[in-house]
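In what follows, a single structure is set out as structure tokens and then discussed.
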There are 2 protein chains.
Amino acid sequence: MAHAELARELPHEARPYHHGDLSRALIQAGRRILEKEGPAALSLRAVAREAGVSPAAPYHHFKDKGDLLAAVASEGWQELGEAIGKARGQAAEARHGLSEIGFAYVTFARANPNLYRLMYDTACDMADMPDQAKGESSGWGQVRASLLAMGMDPGDELELKLATIAAWCAAHGVAEMVGFKEFEPLKQALGGEDALVRAILDHLGIYARHARRERPA
Amino acid sequence: MAHAELARELPHEARPYHHGDLSRALIQAGRRILEKEGPAALSLRAVAREAGVSPAAPYHHFKDKGDLLAAVASEGWQELGEAIGKARGQAAEARHGLSEIGFAYVTFARANPNLYRLMYDTACDMADMPDQAKGESSGWGQVRASLLAMGMDPGDELELKLATIAAWCAAHGVAEMVGFKEFEPLKQALGGEDALVRAILDHLGIYARHARRERPA
DNA sequence: GGGGGAATGTGAACGGTGTCAAGATAATCT
DNA sequence: AGATTATCTTGACACCGTTCACATTCCCCC
């Protein structure tokens, strides 16, 4: 971070030639631009500019523009995993875990819409889930754990996998579609976007099967 | 269409100055490039080239590159609506309709992945579902009709809307995620991607609630 | 501690892109 | 026929991703 400011504020000879931690700075700059100016403004040159560095500098840290974006996305996946973990921890009873996970997932996506889209786009480009989403402590692993805590048969691996995928797909769908303007009146009728999200998730069945008893319509 | 061939095959003086039906030709060219060369190759200039026309010509028919892409996407939404309609018509019993709609939705998206992504991207940019997805005979309307045919209370408008959204979200999620490599073994275990799609949809509950009785696990 | 890679930065350049203004050409209306 | 309008071209501009040759600095080894 020192470099960017110095580049602007210090006389030319005083600013350091080397940045110190450029890759991190580039990732942060990329994320800032993505959030504040949208994906269309997210050019490699703009990122370099923001970091106070020449347009060619990033190529010493990332092989590609796509490589940088993948790094930004990776940060996102990690945060998503943490958000899910926190939500699951806060669920009072284990059988509400999945519902809370779904809500946390959608909440994260809605709070960082551009980042979430980037995350998903790069995942699609590789036709692959990023590693951050697959590990034990990641979102994926936590959904699985939550399903087990809800009483699913640990022996039926097939059923377990299908349920995990279904839950993940549903959350993704809700995350990407709940922002549409058409649902504005519905949001107001239910008392806000959060309520709409919960209502949709409940209707999806997978999230409601066990939670319904406590939270009747 | 005449123009593109003429531009290449006829002596320069013989080719017509005006195209005839350029907007249509541009949309088709855009779609062809999108399908065969991927979204990265889908530049306005490439589309113009493919249509045998100068890079500035499209601006007489579309205000923007985005405007052209929106037109391509629009065609996609229309086809999706038709595919859904056909699937619903073929469902033997009304209570299976929703399940068939979901399957047809995912099938269309998987058959035209780049187009589907474009469709959804432009929809997201406008934070809005395209008109083609909202009309009576569109996918949206048909999901609603199908839910009614499944015995949902026509008086409970709120419930109806929530169920429609839930079904749509779920289909979207499955459509975008079922292609991931991680699910390859699962596909093989179930006998192909179609089987996996049906299995996921069933697990989502919304599609299975009425169909389950006939198609037990 | 000095010297020499290796790492990291710069600048200029190339081809490609979206977009626009000015002019050429064709279709259409009066 | 003449004027108006719609359509297409040419040429230009700014920006983009990427690469190459070169400059600067870090750091390890003698």
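Below, each value reflects all heavy atoms present in this structure, side chains not excepted, and no hydrogens, waters or symmetry copies. Each chain gets a letter, A, B and so on, in the order its sequence line appears, and its residues count up from 1.
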**Study point:** Output field: ring centroids Y105(A)/Y116(A) closer than 6.0 Å
**Key:**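 Y105(A) vs Y116(A): aromatic centres under 6.0 Å.
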**Study point:** Side chain proximity check, R88(B) to S146(B), heavy atoms < 4.5 angstrom
**Key:**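 SC-SC contact between R88(B) and S146(B) confirmed.
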Protein-nucleotide distance ([X], atom [atom1]; [N], atom [atom2]), rounded to Å:
| X | N | atom1 | atom2 | result |
| --- | --- | --- | --- | --- |
| D21(A) | dT8(C) | CG | P | 10 Å |
| H60(A) | dT8(C) | NE2 | C1' | 6 Å |
| F62(B) | dT19(C) | CZ | C1' | 16 Å |
| H61(B) | dC8(D) | NE2 | C1' | 8 Å |

N/O contacts under 3.5 Å, protein versus nucleotides 15-19 of chain D?
residue	atom	partner	partner atom	Å
dC16(D)	OP1	S43(A)	OG	3.0
dC16(D)	OP2	R49(A)	NH2	2.8
dG17(D)	OP1	L44(A)	N	2.9
dG17(D)	OP1	K65(A)	NZ	3.0
dG17(D)	OP2	L44(A)	N	2.9
dG17(D)	OP2	R45(A)	N	3.1
dG17(D)	N7	R45(A)	NH1	2.3
dG17(D)	O6	R45(A)	NH1	2.8
dT18(D)	OP1	D64(A)	OD1	3.0
dT18(D)	OP2	Y59(A)	OH	2.7
dT18(D)	OP2	K65(A)	N	3.0
dT18(D)	O5'	Y59(A)	OH	3.0

**Study point:** Side-chain donor or acceptor of S99(B) paired with backbone N/O of H96(B) under 3.5 Å
**Key:**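 A pair under 3.5 Å: no.
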Review point. Looking at R110(B) and D194(B), does any basic side-chain N land under 4.0 Å from a carboxylate oxygen?
Key: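 Salt bridge: no.
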Check your understanding: Is there any side-chain hydrogen bond (donor to acceptor under 3.5 Å, both in side chains) pair reaching into residues 35-44 of chain B, and which pairs are they, with sequence neighbours excluded?
Key ->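 Non-adjacent pairs meeting side-chain hydrogen bond (donor to acceptor under 3.5 Å, both in side chains): R31(B)-E35(B).
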Point to revise | Sequence-distant partners of Y59(A), ring-ring contact (aromatic ring centres under 6.0 Å, His included), two or more places apart | key: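 ring-ring contact (aromatic ring centres under 6.0 Å, His included) check on Y59(A) returns nothing, list empty.
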